Every structure is written in structure tokens, then in C-alpha cells.
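This is a predicted model, so every value here is computed, not measured. Any value given below was found using the heavy atoms of this structure, including those in side chains, with hydrogens, waters and symmetry copies removed. When a residue number appears, it is its place in the shown sequence, counting from 1.
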Amino acid sequence: MPYLVQMLNINKEFPGVKANQNLSLNVEQGSIHALLGENGAGKSTLMSILFGLYQADSGRILVRGKEVHIHGPNDATALGIGMVHQHFKLVSCFTVTENIILGMEISKGGIILDSREASKRVRALSSLYGLDVDPEAKIEDISVGMQQRVEILKMLYRDAEILIFDEPTAVLTPQEIGELMEIMRKLKQEGKTVILITHKLREIKQVAESCSILRRGKLVGEVRVADTSVEEMARMMVGRDVSFHVEKSPAKSGEAILELTDLCVRNARGLPALRSLSLCLHRGEILGLCGIDGNGQTELVEALLGLTALDSGTIRLKGQDISHRAIRQRLDSGLGLIPEDRHKHGLVLDFSLEENLVIHEYDRSPYARLGIMDPKVMRSHAERLIDSFDVRAGNGATTSARSMSGGNQQKAIVAREIERSPELLIVAQPTRGLDVGAIEYIHKRLIAERDRGRAILLVSFELDEILDLSDRIAVIHGGQIVGLVRPEETSEEELGLMMSGSLKKVG
């Protein structure tokens with residue numbers, strides 16, 4: 001089968017980082033080709049070069065056998081190349097159709113926008129590829145999974161034949177992931193070529209025929225997926241054997257650390273999100289909270305932190321009522337948070353890495369004296385965490401958080417919160433966007449915190465993560481706890497039934 005895309009001897013260097021080192025990539029026409037690697041391995045950089053967001057320092061790109069020069073996304077679009085970015089590029093107050101046609105508007109007589117004709121074409125494309133998107137819906141009113149389908153439609157609307165997906169499942173529920181895998185198969189059947197950037201080995205096994213594996217900016221090898229085990233691909237990616245199961249001793253739970261009683265909370269649109277929710281979390285245990293996205297998880301985490309006000313109910317931390325305390329007071333009372341949205345609630349993107357790593361204590365000893373920050377102490381602290389958690393940052397501690405990859409931003413947040421070692425650690429999607437090596441390490445650290453007597457509330461869409469890490473599992477549906485089980489006494493199938501509201505199991 002002929003190669004549709006060839007990237008030959010690509011080199012790209014940023015200040016302090018050799019992102020791509022003599023990398024070559026060959027993608028067959030009509031295939032699904034995976035690009036696998038750790039956070040910071042150079043996957044997104046390589047594809048950003050193909051899409052015209054970056055220019056290679058050296059190397060050649062061939063599309064359909066002819067050498068091309070891609071100076072920007074418009075050049076890529078003209079060549080039939082489209083890209084769905086890890087962080088979507090959508091205007092939230094626009095409709096689906098308005099987002100899709102942005103920059104390619106259909107007009108009547110060159111003056112008036114013909115939204116009806118555009119909507120008709122969007123609906124036809126949505127039907128052809130089984131995307132089931134409402135062209136008239138506003139972006140702010142649809143789920144994350146549906147927003148991703150809008151990004152796919154943006155590519156198809158522009159007649160893209162080569163579709164690049166950058167970590168497409170990082171923000172999706174298990175159900176949405178399954179639907180996306182089916183969409184990729186459909187795209188392949190229609191003759192499209194898909195390049196899938198990911199670190200999730202299970203997904204590669206599901207849909208990809210071939211896989212190029214990168215490590216620290218270099219190509220380690222290319223394999224046929226059907227002939228290569230998950231363990232071997234993980235070994236090539238990380239450079240060592242990786243354990244896929246969490247080793248832990250039985251929990252030694254103690255007194256109640258977090259007590260939630262009859263919490264009622266409204267969402268951003270003023271509708272009920274939590275309905276008389278009650279829950280108890282003990283010292284020395286990990287309580288996993290799982291549910292389909294949009295069933296109150298986000299509002300619960302925001303209520304615990306103080307970002308969302310309670311309509312009624314109480315939150316007790318170590319026996320003290322913190323229901324109406326300010327955010328800073330809650331943090332000082334022993335609460336820590338790894339947030340679901342790392343950009344909105346986890347980092348100040350224009351601050352340096354060392355500043356972000358002391359964001360809660362920047363004005364206190366040892367990071368400040370008499371209210372003046374001590375750069376040397378901050379730098380030393382940051383360098384220790386960078387080394388301990390393998391945070392890849394081009395300029396080390398002084399790197400801007402905005403310039404780091406999503407996975408390394410996540411590792412920085414995890415490092416900061418675990419280092420603080422709060423008595424209650426709320427962990428929302430902790431391994432989103434992380435590779436298998438980083439996931440293994442963070443799981444070990446969470447277990448270690450549990451064994452030190454910390455209470456951990458784990459909110460995750462990854463059911464295998466919930467089952468592996470949790471000592472107890474709470475299932476949320478419609479803003480209520482509908483299941484409370486132990487992992488050894490349940491299964492993914494039973495959790496799925498509870499998540500959908502088809503089964504209740506609260507002892």
C-alpha cells in the first residue's frame with residue numbers, strides 16, 4: 001500500500017529542548033496509524049509541523065509522493081490535512097454550524113451569510129459519518145464528547161483526507177471513547193487516513209494497524225499493532241517494564257475526615273446538580289467516585305473547594321463545618337485539590353513552573369520572608385519536584401507553564417498537591433493526558449499517601465483506575481449517590497448499570 005504521508009529526518013528544537021531528533025514517519029493511505037510516546041516525547045510537535053503550526057528546522061515532508069512546504073494551517077488544509085487538537089478550538093457562544101464554517105462561510109451574493117445552506121451541509125456530513133450532531137446547538141450547551149465531534153466535522157467540512165487526532169480521548173467518558181473508536185473505523189471505511197496521537201495502549205490495540213513509537217524526541221521503532229503486545233509497546237515507549245496493576249495492602253481506615261450531609265447545589269445554569277447528596281470519607285482510604293459526565297461530579301468538587309455555593313447541606317472536614325469558608329481557609333484546613341480542568345483551576349499559565357509549584361504558599365515560610373519571596377528556595381523546591389515527578393520542562397524551573405505539554409502540566413499539578421500532603425486530597429481525573437509510566441508512578445504516590453493516613457476522594461472517568469485504586473466506590477447519577485460498593489465485589493458492567501441509573505446498590 002503506498003505511503004500517503006512521509007516525514008523524513010525531521011528535526012525541531014526549542015530553547016533547551018530537542019523536541020524532534022532526525023524523526024521519520026511513514027503513513028499508509030487508508031490506514032489508522034498511531035503515534036505513541038511518553039509526555040514530552042515529541043508526538044504533538046511532529047504533528048504540529050505536519051499541520052503547519054511549527055516549521056521544522058530541517059527535514060522533508062512528502063504528501064501523495066510529492067515534496068511539500070507547509071507554512072501554516074491554510075497550506076495543510078489545501079493539502080487535505082486536518083487536526084483535532086487536545087484542547088478544542090471552539091467559540092462557546094457560537095452554534096455548531098457557525099464554528100464549523102468559521103473562515104469558510106457560505107454567502108448569498110457574496111454579502112449575506114447563508115446559514116441555512118451551511119447547516120444543511122453540516123447535517124449531511126454528520127449523518128454520513130454517524131456523528132449525530134445538532135447543527136443549531138450552541139457549543140456551551142453540548143457535552144465535551146459532542147464538542148469533539150464538532151472538531152471532526154470541521155475537518156470533514158474542509159474535505160480533509162488526512163485526519164490528525166491529538167490525544168482525542170483525554171477528556172472523554174468510557175462511553176464516548178467507545179463511540180469515538182467507532183467513528184475512526186467509519187472514517188477509515190470511507191477512505192480517510194487517520195493519525196492517532198495517544199499514550200493509551202488499549203485504544204491503539206482497538207483501532208490502529210501500525211504504530212510509530214517515540215521516546216525523548218527520537219523514533220524507537222515502528223510496529224504492526226496486531227503482532228505486538230501491549231507490554232512490548234509500553235516497554236519501547238518508557239524504556240523499562242511497566243506494571244499495569246496497582247499493588248496495595250488492605251486499607252487501614254480511621255476516623256471520618258470528610259462528612260457530606262444532604263448537599264444541594266445548582267449548576268452554572270441554575271439547575272439542580274446535587275440532590276441531597278450524603279457521603280463519608282475516612283482517614284487512610286481512597287473513595288472512588290464514578291459516573292457519566294454531567295451527573296454532578298464537577299459541582300461536587302467545586303462545592304468542596306468553595307467555588308460553588310451550597311443551597312443547603314453541610315460539609316465537615318475533620319469535624320469542623322467548612323460549608324461557608326473561603327477557598328484559602330479550606331486549603332489551610334487541610335484540603336488539597338488536583339482539579340479536573342488544569343488550565344482553569346490548576347495553573348496560572350503565564351507564571352513560571354517554580355511559581356506554580358508554590359502557588360498556595362508563596363507568601364509563607366520557607367518560600368517568603370517578611371512577605372518577600374525567596375527565589376533560591378523556590379528554585380530548589382521546584383527542581384526537586386521536577387526531578388521526583390519527571391516533569392519535562394525546556395527551561396527547567398523557569399519554564400512558563402503555558403509552554404509545557406498538557407501531560408507535563410498535569411504532572412506539575414500532581415507534584416504540587418501531593419507534596420503538600422493535605423489530610424483530604426480531592427483528585428479529579430489525576431492521570432488525564434498522562435502516559436503509562438507517569439500513571440504508574442502517580443498511582444503509587446496516591447497509595448503511599450493513603451498509607452500515611454490521608455483521605456483521598458478520587459473522581460475519575462477511567463473505570464479501571466477506579467477499580468484498581470479505590471477501597472470503596474461511590475456511584476453518582478442525577479446528583480445522587482446510587483451505589484456504594486467495594487471494588488472486589490463489583491465489576492465494570494455493574495458500575496456501568498449504576499452509572500446509567502438502571503441499578504441502585506447503596507448499603
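For the residue pair E465 and S460, the shortest heavy atom distance occurs at OE1-OG, 2.7 Å. The shortest heavy-atom contact between I164 and I197 is CG2-CD1, 4.1 Å. Listed here is the closest heavy atom pair of I142 and Q147: O-NE2, 3.3 Å. Here the shortest heavy-atom pairing between I204 and A34 reads CG1-CB, 3.8 Å. Summarising the geometry of K138 relative to C93, their closest heavy-atom pair is CE-O, 3.7 Å, with the distance given to 0.1 Å.
When only modelled atom types and interatomic distance are considered, E302 and H345 share no side-chain donor-acceptor pair under 3.5 Å. There is no side-chain donor-acceptor pair under 3.5 Å between E161 and T193. If you check the side chains of H477 and S500, you find no donor sitting under 3.5 Å from an acceptor. Inspection of the S352 and E355 side chains reveals an N or O donor paired with an N or O acceptor under 3.5 Å. Remark: the D166 side chain and the S44 side chain contain an N/O donor-acceptor pair separated by less than 3.5 Å. Side-chain contact annotation: S31 with Y3, donor-acceptor N/O pair under 3.5 Å absent.
Checked against side chain to side chain donor-acceptor pair (under 3.5 Å), N356 has no partners two or more places apart in sequence or in another chain. For S58, the side chain to side chain donor-acceptor pair (under 3.5 Å) criterion is met by N11, not counting sequence neighbours. Remark: F351 pairs with no residue by the ring pair (Phe, Tyr, Trp, His ring centres under 6.0 Å) rule, at least two apart or across chains. Taking the salt bridge (Lys or Arg N to Asp or Glu O under 4.0 Å) definition, one finds that E190 meets it with K186, sequence neighbours left out. Qualifying side chain to side chain donor-acceptor pair (under 3.5 Å) partners for E494, counting only residues two or more places apart in sequence or in other chains: T490, K505. Every residue meeting the ring pair (Phe, Tyr, Trp, His ring centres under 6.0 Å) condition with H381, not counting sequence neighbours, appears here in chain and number order: Y367. R215 is linked by a side chain to side chain donor-acceptor pair (under 3.5 Å) to nothing, counting only residues two or more places apart in sequence or in another chain. Scanning for ring pair (Phe, Tyr, Trp, His ring centres under 6.0 Å) contacts around H343 gives H87, with sequence neighbours left out. Residues satisfying the ring pair (Phe, Tyr, Trp, His ring centres under 6.0 Å) test with H443, not counting sequence neighbours, are none.
Under the 4.5 Å side-chain criterion, counting only non-hydrogen atoms from C-beta, I286 is in contact with I447. Residues L163 and V84 have side chains not in contact (no heavy-atom distance under 4.5 Å, counting atoms from C-beta outward). Contact of the V122 side chain with the L153 side chain is registered, since non-hydrogen atoms from C-beta on lie closer than 4.5 Å. Using a 4.5 Å cut-off on side-chain heavy atoms (C-beta onward), I152 and I183 make contact. The shortest distance between side-chain heavy atoms of L347 and R402 does not fall below 4.5 Å. With a 4.5 Å cut-off on side-chain heavy atoms, L385 and V391 do not count as touching. Annotation: side chain of S210 is not in contact with side chain of V225 (no heavy-atom distance under 4.5 Å).
Using modelled atom types, no side-chain atom of T399 and backbone atom of L353 make a donor-acceptor pair closer than 3.5 Å. At least one donor-acceptor pair closer than 3.5 Å links the side chain of S229 to the backbone N or O of E232. Between the side chain of K12 and the main chain of Q55, a donor-acceptor pair closer than 3.5 Å is present. Side-chain N or O atoms of Q6 include none that pairs as donor or acceptor with a backbone N or O of G65 at under 3.5 Å. Judged by distance alone, with hydrogens and angles left aside, the side-chain atoms of K248 form a donor-acceptor pair with the main-chain N or O of D468 at under 3.5 Å. No side-chain donor-acceptor contact under 3.5 Å links D390 to the backbone of I386. Judged by distance alone, the side chain of K43 and the main-chain N or O of I213 form no donor-acceptor pair under 3.5 Å. The main-chain N or O of P168 is found under 3.5 Å from a side-chain atom of Q148 such that the two form a donor-acceptor pair. Q410 places a side-chain N or O within donor-acceptor distance of the main-chain N or O of Q429, the cut-off being under 3.5 Å. The main-chain N or O of I32 is found under 3.5 Å from a side-chain atom of E209 such that the two form a donor-acceptor pair.
Here salt bridge (charged side-chain N to carboxylate O under 4.0 Å, His left out) pairs that include residues 60-82, with residues two or more places apart or in two chains, are R60-E67. Here salt bridge (charged side-chain N to carboxylate O under 4.0 Å, His left out) pairs that include residues 31-42, with residues two or more places apart or in two chains, are E38-R392.
Under the 4.0 Å criterion applied to side-chain N and carboxylate O atoms, R420 and E417 are assigned as salt-bridge partners. Remark: R486 does not engage D471 in a salt bridge, criterion side-chain N to carboxylate O under 4.0 Å. Checked for salt-bridge contact, K411 and D387 miss the test: no charged N lies under 4.0 Å from a carboxylate O.
Considering CZ of F389 and CZ of R384, their distance stands at 9.0 Å, rounded to 0.5 Å. For the atom pair CD of E222 and OG1 of T228, the computed distance is 10.5 Å after rounding to the nearest 0.5 Å. The CD1 atom of I338 sits 11.5 Å away from atom CG of L457, with the distance rounded to the nearest 0.5 Å. Annotation: the span from I100 atom CD1 to L90 atom CG amounts to 9.0 Å, rounded to 0.5 Å. Between atom CD1 of residue I162 and atom CE of residue M83 there is a gap of 13.0 Å, rounded to the nearest 0.5 Å. Rounded to the nearest 0.5 angstrom, M498 CE and I473 CD1 are separated by 7.5 Å.
Tested against R472, the residues E285, E489, E488 include a single salt bridge (Lys or Arg N to Asp or Glu O under 4.0 Å) partner, E285.
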Please determine whether salt bridge (charged side-chain N to carboxylate O under 4.0 Å, His left out) holds for the pair E151 and K89, giving the CA-CA distance in whole Å, both sets of side-chain angles, and the decisive distance to 0.1 Å.
CA-CA 8 Å; E151 288 281 18; K89 313 293 184 185; over 6 Å; no
E462 and K200: CA distance, side-chain angles, deciding distance, salt bridge (charged side-chain N to carboxylate O under 4.0 Å, His left out) verdict
CA-CA 12 Å; E462 306 283 350; K200 294 187 176 180; 2.9 Å; yes
Step-by-step salt bridge (charged side-chain N to carboxylate O under 4.0 Å, His left out) determination, D159 to R121:
CA-CA 12 Å; D159 298 320; R121 187 179 171 197; 3.5 Å; yes
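In the displayed structure, K205 atom NZ is contacted under 6.0 Å by more than 12 heavy atoms of other residues, nucleotides or ligands. Environment of NZ in K18: sparse, with no more than 12 heavy atoms of neighbouring residues, nucleotides or ligands closer than 6.0 Å. Annotation: R185, atom CZ; neighbour count of heavy atoms from other residues, nucleotides and ligands within 6.0 Å is above 12.
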Report all side-chain donor-acceptor pairs from residues 123-132 shorter than 3.5 Å, counting only partners two or more places apart or in another chain.
residue: S126; atom: OG; partner: D132; partner atom: N; Å: 3.1
residue: S126; atom: OG; partner: V133; partner atom: N; Å: 2.9

